[in-house]
Engineer: 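One structure, as C-alpha cells, below. Some questions next.
All ligand and atom numbering here is 1-based and tracks the order in the structure.
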Amino acid sequence: MNISVNMPPCVAFHNGHFTAEDLITKVTRSGDLAGVFYDTDAWRALPPETAIYQVEMLKSPQGEGELYAGTTHLNPGRIGDEFYMTRGHFHQRREQGEVYFGLRGTGLLLLQDEQGKARFEQVSPGSVHIIPGATAHRLINTGTEVLSALAVWPTIAGHDYAALAQGFALRVVLQGGKIHGKEVQNG
Ligand code: PAN
Ligand code: ZN
C-alpha cells in the first residue's frame, strides 16, 4: 500500500527562516515604537523607517487548541544607549503561555509578572524559554548580529500591549562598554 506523505513547512535552525507556502511577515520600524525607548531625542533622530525587527510566522487555523509558530529576527543596534528590543506584551488571554527557542545571536528575554516583578533569561542558540501565563515578555538584542528566536504560542492568546503602556521595570543599556540592567520607576 502506498502511503501519502505531506511535506510540512521547514524552519532553518541556524537562522530561523521558514520555507512554507503560507508565510506572514511583519516588519516593525522605529517609527512604530513611539514611547518604547527612553531616550526620545535619540529615537527622534533615527529615520522612522529604520527596521528594528521582523516576525515571520506560519498561517494557522484559529481557535481553541490551535498553535502559531513564528520567528522574531531582532536587529542589532541601540537607540541612545538602549539596545534594540521588541515592544513586548502580555497575552490578552492571561493564562496562555508561550515557548521561545534561541536560534541565532545573543540577547536577553525580559519577563515581567503582573505585580511588576521583572527578570532576565539569557538567549543564545539552543536556549529554551518557557514563558508562563500572566507574564509579559520582550526580546532585547545585546549582541552584534541579528537575534533570531523561534516561538510557539496559542492562536487564541492575543496580544495586550496597552497593559504595558508604562513600560517594563527594567531597561538594558550599554554603559562604560558593559551591558547593564537599569531599574526604572515610571517606565
Ligand atoms: C512573539 C512576538 C514578537 C514581536 O511572536 O509577537 O516577538 O514582539 P511584539 O509582539 O511584542 O512586538 C510573541 O511573543 N507572540 O506571542
Ligand atoms: Zn507572546
Engineer: Mark up the atoms of ligand 1 that fall under 4.0 Å of a heavy atom belonging to His137, in ascending order.
Structural biologist: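 Selected atoms, number and element: 14 (O).
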Engineer: Considering only heavy atoms of His91, which atoms of ligand 1 have at least one such atom less than 4.0 Å away?
Structural biologist: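 Every atom of ligand 1 under 4.0 Å from some heavy atom of His91: 16 (O).
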Engineer: Find out whether the Lys NZ or Arg CZ of Arg78 is both under 6.0 angstrom from the six-membered ring centre of Tyr84 and within 45° of the ring's axis.
Structural biologist: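 Not flagged: Arg78 not positioned over aromatic ring of Tyr84.
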Engineer: Would you please say whether a donor-acceptor pair under 3.5 Å links the side chains of His129 and Glu121?
Structural biologist: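 There is such a pair between these side chains.
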Engineer: Both conditions, 6.0 Å and 45 degrees, for the charged tip of Arg171 above the ring of Phe168: are they met here?
Structural biologist: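 No.
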Engineer: Check whether any side-chain N or O of His17 sits under 3.5 Å from a backbone N or O of Ala12 as a donor-acceptor pair, and report yes or no.
Structural biologist: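 Checked: no pair found.
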Engineer: Please report the C-alpha distance between Trp43 and Phe37 in whole Å, then the side-chain angles of each, then the deciding distance to 0.1 Å, and finally whether the ring-ring contact (aromatic ring centres under 6.0 Å, His included) criterion is met.
Structural biologist: CA-CA 7 Å; Trp43 174 75; Phe37 293 88; 8.5 Å; no
Engineer: Taking the six-membered ring of Tyr38, is NZ or CZ of Lys182 closer than 6.0 Å to its centre and within 45° of its axis?
Structural biologist: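 Cation-pi check for Lys182 and Tyr38: passes.
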Engineer: So if I count the atoms of ligand 1 from 1 in the order they appear, which ones are less than 4.0 Å from some heavy atom of Trp153?
Structural biologist: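 So the answer, numbered in order with elements, is 5 (O), 15 (N), 16 (O).
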Engineer: Restricting to N, O or S atoms of His91, which is nearest to the Zn ion (ligand 2)?
Structural biologist: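 Nearest to the Zn ion (ligand 2) within His91's N, O and S set: NE2.
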Engineer: Does any N, O or S atom in His159 come within less than 2.8 Å of the Zn ion (ligand 2)?
Structural biologist: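 Under 2.8 Å: His159 has no N, O or S contact with the Zn ion (ligand 2).
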Engineer: Do the rings of His89 and Tyr161 sit parallel, tilted or perpendicular, given the 30° and 60° boundaries?
Structural biologist: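 Geometry flag for Tyr161 against His89: perpendicular rings.
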Engineer: Between Met57 and ligand 1, find which residue part has any heavy-atom pair under 4.0 Å and reply side chain, backbone, both or neither.
Structural biologist: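 Looking at Met57 and ligand 1, no heavy atom falls under 4.0 Å.
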Engineer: Checking a contact table here: which protein heavy atom is nearest atom 8 (O) of ligand 1, and how many Å away?
Structural biologist: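 The closest one turns out to be Thr86 CB, 3.7 Å.
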Engineer: Between ligand 1 and Gly88, is the shortest N or O to N or O distance under 3.5 Å?
Structural biologist: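 Between Gly88 and ligand 1, an N or O pair is found under 3.5 Å apart.
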Engineer: Would you call Arg94 and Asp160 a salt bridge, taking side-chain N to carboxylate O under 4.0 Å as the test?
Structural biologist: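 Salt bridge between Arg94 and Asp160, a charged N being under 4.0 Å from a carboxylate O: yes.
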Engineer: Does Leu174 belong to the same Ile/Leu/Val/Met/Phe/Trp/Tyr cluster as Met85, with side-chain heavy atoms less than 4.5 Å apart forming each link?
Structural biologist: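 The answer is yes; both residues are in one hydrophobic cluster.
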Engineer: Which residue supplies the protein heavy atom nearest to atom 10 (O) of ligand 1, what is that atom called, and how far is it?
Structural biologist: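 Looking at atom 10 (O) of ligand 1, the protein heavy atom closest to it is Tyr161 OH, 2.5 Å.
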Engineer: Nearest to atom 6 (O) of ligand 1, what protein heavy atom do you find, and at what distance?
Structural biologist: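 Checked against all protein heavy atoms, atom 6 (O) of ligand 1 sits closest to His89 CE1, 3.5 Å.
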Engineer: Can you tell which of Phe90, Tyr100, Tyr53 gets a heavy atom nearest to atom 14 (O) of ligand 1?
Structural biologist: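 Heavy atom nearest to atom 14 (O) of ligand 1 belongs to Tyr100.
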Engineer: Considering non-hydrogen atoms of the protein only, which is the closest contact for atom 13 (C) of ligand 1, and what is the distance?
Structural biologist: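 Among all protein heavy atoms, the one nearest atom 13 (C) of ligand 1 is Glu98 OE2, 3.0 Å.
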Engineer: Strictly by modelled atom types, are Glu98 and His137 linked by a side-chain donor-acceptor pair under 3.5 Å?
Structural biologist: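 Note: Glu98 and His137 side chains meet the donor-acceptor criterion.
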Engineer: About how large, to 10 degrees, is the angle NE2 of His89, then the Zn ion (ligand 2), then OE1 of Glu98?
Structural biologist: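 Once rounded, the angle between the two atoms at the Zn ion (ligand 2) is 180°.
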Engineer: Tell me: protein heavy atom nearest atom 7 (O) of ligand 1, and distance?
Structural biologist: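 Here the nearest protein heavy atom works out to Thr72 OG1, 2.7 Å.
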Engineer: How does Arg138 reach ligand 1, by side chain, by backbone, by both or by neither, if only non-hydrogen atoms under 4.0 Å count?
Structural biologist: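 The answer is neither; Arg138 stays 4.0 Å or more away.
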Engineer: Is it the side chain, the backbone, both or neither of Tyr68 that has a heavy atom closer than 4.0 Å to ligand 1?
Structural biologist: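 Tyr68 to ligand 1: no contact under 4.0 Å from either part.
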